[in-house]
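Computed from a prediction, not measured in an experiment: that's the story for all the values here.
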Amino acid sequence: MKNLFLTFLLATSFVFASSETSFKLNSDVNFALIKNSIELTFKNDINVTSMSLTNLLSNEVTAFPFVNQYNSLSIDLDNYTYGGYILNIENDNYFNEIMLYLDEKGLRLIDEQKIYKPIFQKRKNNLLIKILDSESPINVSIISDRGYEIFSDNLVLSDLNKKVFNFKYDINSVTVNLKYDGKTFRKKIVF
């Protein structure tokens, strides 16, 4: 159902996008669409940890494992089937998800979303979780090293960024599960 909705969204909105688009995703990546290809130029010190292209209809994923060996990358989609795609670019701090549509007129940008990864700060048995930006409520679940759920709640960004989690000294570690903006993050914190 989700793929059907995404395909409908793509089909109804691709009319408004240009077939030749150039923009900066952030200060690290320049992004251009030229007919049926994606042109990416990376800043010299960016550390892309993974990059992939997902076909929304078939869920086929094409991974680009050696992206850090080059300053630029061209992805030619001439032999790809028409339809919606999501280009995922991940580095140490965030994900960029770029929704694209390919048809006989070429490749078009539909939407772009940047999702920041959480930052964990610990001191003694205190834990602070910071998220730089999120438009959705954040589902937080914290499990102790003994398997007990210590905390479970949906928090808005401002409440989570102000909250300090204080754990008893007999807890050696916790596993933090966060869900927001369509992503799930899991981190084990050892005290």
*Calculate, to the nearest 0.5 Å, the distance between atoms NZ and CG belonging to Lys188 and Asn177 respectively.*
12.5 Å

_Straight-line distance of Ser152 OG to Ile142 CD1, nearest 0.5 Å_ = 9.5 Å

*Would Tyr82 and Leu107 show up in the same hydrophobic cluster when neighbours are defined by side-chain heavy atoms closer than 4.5 Å?*
yes

*What's the verdict on side-chain contact (heavy atoms from CB on, under 4.5 Å) for Asp133 and Ile131, showing C-alpha distance, side-chain angles and the deciding distance?*
CA-CA 6 Å; Asp133 189 27; Ile131 297 174; 5.9 Å; no

*Can a donor-acceptor pair be found between the side chains of Asn96 and Gln113 at a distance below 3.5 Å?*
no

*Asn166 backbone acceptor or donor facing Lys124 side chain under 3.5 Å*: no

*Could you check whether the rings of Tyr80 and Tyr85 sit parallel, tilted or perpendicular, using 30° and 60° as the cut-offs?*
perpendicular

*Leu53 and Ile86: side-chain contact (heavy atoms from CB on, under 4.5 Å), yes or no, with the steps?*
CA-CA 6 Å; Leu53 184 69; Ile86 294 182; over 6 Å; no

*Fit a plane to each ring of Phe165 and Phe151, take the angle between them on a 0 to 90° scale, and name the class: parallel (under 30°), tilted (30 to 60°) or perpendicular (over 60°).*
perpendicular

*Give a yes or no on whether a salt bridge exists between Lys114 and Asp181, defined as a side-chain N under 4.0 angstrom from a carboxylate O.*
no

*Looking only at heavy atoms, what is the nearest atom pair of Tyr180 and Pro118, with distance?*
OH-CD, 3.2 Å

*Mind checking whether Asn88 and Thr54 have side chains closer than 4.5 Å, heavy atoms only?*
yes

_Are Phe167 and Ile143 connected into the same hydrophobic cluster when the rule is that any two of I, L, V, M, F, W, Y join if their side-chain heavy atoms are below 4.5 Å apart?_
no

*asked:* Can you tell me how far apart CG (Asp111) and CE (Met99) are? Round to the nearest 0.5 Å.
replied: 6.0 Å

*asked:* I'd like to check Val164 versus Leu127 (side-chain heavy atoms, cut-off strictly below 4.5 Å). Are they in contact?
replied: no

*Do other residues, nucleotides or ligands put more than 12 heavy atoms under 6.0 Å from Lys179 NZ?*
no

*Work out which heavy atom in Leu157 is nearest to a heavy atom in Ser134; give both atom names and the distance.*
CD2-N, 3.8 Å

_With a 4.0 Å cut-off on N to O distance, would you call Arg108 and Asp103 a salt bridge?_
yes

*If you take all heavy atoms of Leu102 and Leu77, which pair is closest and at what distance?*
CD2-O, 3.6 Å

*Hey, what do you get for CG (Asn36) to NZ (Lys105), rounding to the nearest 0.5 Å?*
13.5 Å

*Mind checking whether Asn55 and Thr81 have side chains closer than 4.5 Å, heavy atoms only?*
yes

_Please find the pair of heavy atoms, one from Met51 and one from Leu40, that lie closest to each other, and give the distance._
CE-CD1, 3.4 Å

_A side-chain contact here means heavy atoms from C-beta on lying under 4.5 Å apart; do Ile138 and Leu160 qualify?_
yes

_Validation row, ring centre Phe95 to ring centre Tyr116 under 6.0 Å_ = no

_Residue pair Asp145 / Val174, side-chain heavy-atom distance below 4.5 Å_ = no

*asked:* Between the side chains of Lys183 and Glu90, is the shortest nitrogen-to-carboxylate-oxygen separation below 4.0 Å, so that they form an ion pair?
replied: no

*Is any side-chain heavy atom of Leu100 less than 4.5 Å from a side-chain heavy atom of Ile38?*
yes

_Could you tell me if the side chain of Val190 sits less than 4.5 Å from the side chain of Asn172, heavy atoms only?_
no

*Test side-chain contact (heavy atoms from CB on, under 4.5 Å) on Asp170 and Arg146 and set out the steps.*
CA-CA 10 Å; Asp170 63 340; Arg146 296 185 183 122; 3.5 Å; yes

*Of the non-hydrogen atoms in Leu128 and Asn161, which two are nearest, and what is the gap between them?*
CD1-O, 3.8 Å

_Exercise: identify the closest heavy-atom pair between Asp76 and Asp78_ = OD1-N, 3.1 Å

_If you count every heavy atom of other residues, nucleotides or ligands that lies below 6.0 Å from Glu149 atom CD, does the total exceed 12?_
yes

*More than 12 non-hydrogen atoms from neighbouring residues, nucleotides or ligands closer than 6.0 Å to CD on Glu60, yes or no?*
no

*Should Tyr94 and Ile119 be counted in the same cluster of Ile, Leu, Val, Met, Phe, Trp and Tyr side chains packed under 4.5 Å apart?*
yes

*Nearest-0.5 Å distance that lies between atom OG in Ser50 and atom CD1 in Ile89*: 9.5 Å

*Between Ile115 and Glu97, does a side-chain contact (heavy atoms from CB on, under 4.5 Å) hold up when you go through it step by step?*
CA-CA 8 Å; Ile115 302 168; Glu97 292 186 340; 4.1 Å; yes

*Between atom CG of Asn125 and atom CD1 of Ile171, what is the distance when rounded to the nearest 0.5 Å?*
7.5 Å

